[in-house]
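Computed from a prediction, not measured in an experiment: that's the story for all the values here. Numbers restart at 1 for each chain; the letters A, B, ... are given by sequence-line order, proteins then strands.
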Amino acid sequence: MVRFLIKGVLRDRSRSLLSFLIIGGCVTLTVFLRGFFVGFLDDMLRQSAVLLTGHVKVTTRAYAEEADLLPNDLAILEVDSLLTVLSAEYPDLFWSPRITFAGLLDIPDENGETRTQSPMMGIAVDLLSEDTRQPELWDLAPKITRGRLPREPDEVLLGEEFASRLEVEPGETATFIGATMHGGFTTYNFRVAGMVSLGVSGIGDYFILADLEGARQALDMEGTASEIFGFYKDMYYDDPAAVALTAGFNRIHKRADDAYSPFMQALRDQNQMGQIVDIAQIEMWVIILIFMTVVTIVLWNLGLMSGLRRYGEFGMRLAMGETQGHVFRTTLGESAVIGLGASVVGTAVGLLLTYLVQEVGIDYSSMMEGYDFPMTLVMRAKVTPDCWFIGFIPGVFATMLGTILAGRGIYKRQLSQLFKELELEA
Amino acid sequence: MMLFKLALRNLIGAGTRTWLNVFVTSITFVLIIFMSGLYQGMFESNKRIMIETEIGGGEYWHPAYDPQDPFTLEASHGLLPDAIADQVTVGVATPILITQGSIYPEGRLRPVLIKGILPEQQVVALPTSTLSGYAGEAVPVLIGAGMAKTTKLKVGDTFTVRWRDAHGTYDADEVEVISIMNVENFQVDQGQIWVPLERLQQMLDMPGEATFVVASQETNLLANPGSWRTMSVDALTEDFRRIMLTGQAMMSMMYLIFLALAAMGIFNSQVLSIFRRRKEIGTLMALGMPRGRVIGLFTTEGGLHSLLALVLAALYGGPFMYWTATNGIPLPFDYAEIGMLISPRMVSVYPAGLFVSTTLLVTLIVTIVSYLPARKIAKMKPTEAITGRIN
Amino acid sequence: MNLLRRSVIILMLSLIWPLALSAQSEKVPTASELIAAMDANLTAKTSIVTSRMVVHGRRASRTITSKSWVEGAEKAFTEYLAPPREAGTKMLKLEDQLWTYSPQTDRIIQISGHMLRQSLMGSDLSYQDMMEDQSLEDVYDGVVEGSELLNGRDSWVMTLTAKKEGLAYHRRKAWIDKEWLLPMREELFAKSGKLLKSSYAEEVMQVEGRWYPKVWVFKDELKRNSKGTEWIIDEIAFNQPIPEAQFAKAALRK
């Protein structure tokens, strides 16, 4: 029976092709819309996670209380042993220590005298160890505007705007002047490996990105870190899991009597990211819901129309003695076959499209004419597991729903009327 | 006109099929306008907050002033050029003096900007009048809700503030928080305390001096205010506008997806109409209607979807949009913590241009997808069409 | 080190005066007499000092050892000896300029502007606190207000009020031990009259026939729970010849 239906669908392309294309198109759009939203949201969360919050973050309790003052004297001291604990207890995440620091950056002239000097803000992450994922998270390679990535602990990247203001070139020395975590005076020669444009407004003006080991040397912070960021290995922020993990960690490790005991916060706990995530999620689902409704209506209409197109055929079949129920069921079967096939193809195209936008992105810098953006603006989608099946909901179910709604016509109309339609079409 | 009436009658005669398409198109309409309006509203309200609480109708900066670089503050103060001073005298501009200092709430050091402002000023919407009439011993200060949260300060709390005067001498005094303001703009909130201008001038030994001047929205910004620099509202909101623009690009992607969907429905419907009504087409042509008019009739029929959609959209979208434009959608954010410009209600703004451009866009797309299948008519032979055959 | 020199010197700058004064039944000295008397104790043509500074951080305390060569009030050269991190760091003060050299960067950097207001090595002193080199008498009006018992010892109380603009501290108040003619406590006030910093001698010693503070404690009075910074003089020698080269910028790199 199914084979017969498939044959019918394949042979009579006038009855199936257009429907197939339209259902496939709807499915593709559904998959892409979902992928596009996730990509957008992911971009937003990722930016926050990488720059500011991690998916979760561990600091000392004292540090967390005055984090805005970058109090490195309250840093985590035993980073390696804490990392061992974290990696063992939470294998789903990878952990990355970082140092956030501020001071002055002093650029010497050829005689070693100060040429320019400016306040600066630095973030130091592990850029160089073999298994580090930081350069990937920061997506540094494409954001380098001049020079190259750091290869040595004492090499740093400067925000492009910062570098232009200081008039410094790759390869030059930039001396950090500041205080060690103990408050001692320190100077440290960084070498400028290159310039980076992170594309986050305002951050580039005073920003340097350093390697963790380099910063540790500069700030006398061997073995310590301001914060330890935890990221889910697939970089997908799982909010409920992160919240549960945080609560569990703090139950075991946070001690009321020790301000320097480790204290964990989830992304949601920081900078009101929680509400932003919630709202964005709700917004996304509302739009997807509206979209699915619209798709269903379109496909309902499609069913209606393909039914209309075939009233003549139905009349003939009824005249030849087929029962109304049988005609209806075969029609339904046909639409299931078409819906399924179109969904498979539509999903494939949608995934391909989403994947393409994930990997290549859509450069929309040209839309921003008249504005001087320091970087290329790229929209990215993301292929998520649900992209694989979300298209089937409208593709199969909405198509069948449409056919059912349209199929009422078969029952409503009298045989003679259907037959008349046949005549009309002939 | 006859063509139009005929097209409309045909279209409505098609029943459910038409209405479903119309409904889909209307949703596209509403969604595009609603989302754009929301976005526009967000931009406008944030810009408005910025204008009202911070930048007024523009600013005049002391030549050395660079808000990005706190180290320039030491040098950026001076007497106002005459032209600006005149505006200040008549109350259409208000000077602000800034210096760096340290505060010691709970005995812990925290660097801040100390900003002096005239308590009686009407130029920016900050509750500076609370600074006047203070009878206590300490220096009265006004702080933002965000600052209050970070420093855990409450109204009535006193703490020490330390600064250096124009000559470099340390000075310190007790200050009392006399008011905490909810201004929804972290730029006038975080990391700063507000004190009466004259008091600060006295504290710093900088009589009559200021760092920058905010002009009122009602006044004309002076193009050449002596040695000071004029900063227009556009220049001051530039960064912010960029951020909003990138968001808009994201949205247009979504509009495209919805439009594509509506277009597919109408395209399909057109293909069907032409298929089912080939006899009618043949008859019309046989009766002498030129091909172009027949194509016009069918294209009009399809295109009319957008008109009906517009009517439908107005029916259910209108009240909804009116509500979002007047009432706004409340947001659960606490701006004080979020560290960005955000208003507590998202009030949508629907500029007339938005309706016009959306209507044009939707109508154009709908007409194109209506025309594409109708081109087929051009290839029909009336003799064949009239018998129902189609090639 | 500079710091030592500065404050101690300055504070002390004032003390000594042979003083028959004290013996003479309580004739109240004038402020300049008192300052001159302290100066005799505290200042010398040159001094070479080895000292330790104990800085109490929130989590731990650190001891920084340094050796300073000082000539008058204008010139000072300090080399840090410990801890290892700071060893080899040098500072040179010539009048109102301050340079620093650290072996890690092999650079000589001038400390100026806002940086002068930063804490010196995490202590409760700023660079600027140790840069003051004007004679107290030149810039302050002094008044001896009378006697007070300080820790059971009879002391003169003297207040100094700024004569001119631009001094970091508007008013100072010092307690000067009548026998040792050393300032045993000093308070630094803001223009508003608010107490900003205080310091006191915890222990004194006799060197080359003069009284000198052995342990001196500084405190930032605006910070609550500040444990202060201790400054301990381990060795001090007065009026030893110091070659002029010691105060050349080139000496920083040696």
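- With a 4.5 Å cut-off on non-hydrogen atoms, C:R85 touches chain A through its side chain but not through its backbone.
- Contact of A:E113 with chain C is made through backbone and side chain together, with heavy-atom distances under 4.5 Å.
- Residue C:Y101 does not touch chain A at all, counting heavy-atom pairs closer than 4.5 Å.
- At most 12 heavy atoms of other shown residues, nucleotides or ligands fall within 6.0 angstrom of atom CG in C:N151.
- Under the rule for a side-chain hydrogen bond (donor to acceptor under 3.5 Å, both in side chains), the partners of A:W138 that lie at least two apart in sequence or sit in another chain are A:Q134.
- Looking only at heavy-atom pairs under 4.5 Å with chain C, the residue among A:P108, A:A259, A:A62 that has the most is A:P108.
- Most heavy-atom pairs under 4.5 Å with chain C: of the set A:T114, A:L74, A:L104, this distinction falls to A:L74.
- Rounded to the nearest 0.5 Å, atoms OG1 (C:T100) and CZ (A:F185) are 4.0 Å apart.
- In this structure, C:R107 contributes its side chain and A:N189 its backbone to no donor-acceptor pair below 3.5 Å.
- Within the 4.5 angstrom heavy-atom criterion, atoms from both the backbone and the side chain of C:R58 approach chain A.
- Using a 4.5 Å heavy-atom cut-off against chain C, the contacting residues of residues 165-175 of chain A are A:T175.
- A heavy-atom distance below 4.5 Å is found between the side chains of C:R59 and A:T60.
- More than 12 heavy atoms of other residues, nucleotides or ligands sit less than 6.0 Å from atom CZ of A:R148.
- Atom CD in C:Q110 sits 9.5 Å away from atom CD in A:Q117 (nearest 0.5 Å).
- Taking CD of C:Q104 as the start and CG of A:D220 as the end, the distance is 9.0 Å to the nearest 0.5 Å.
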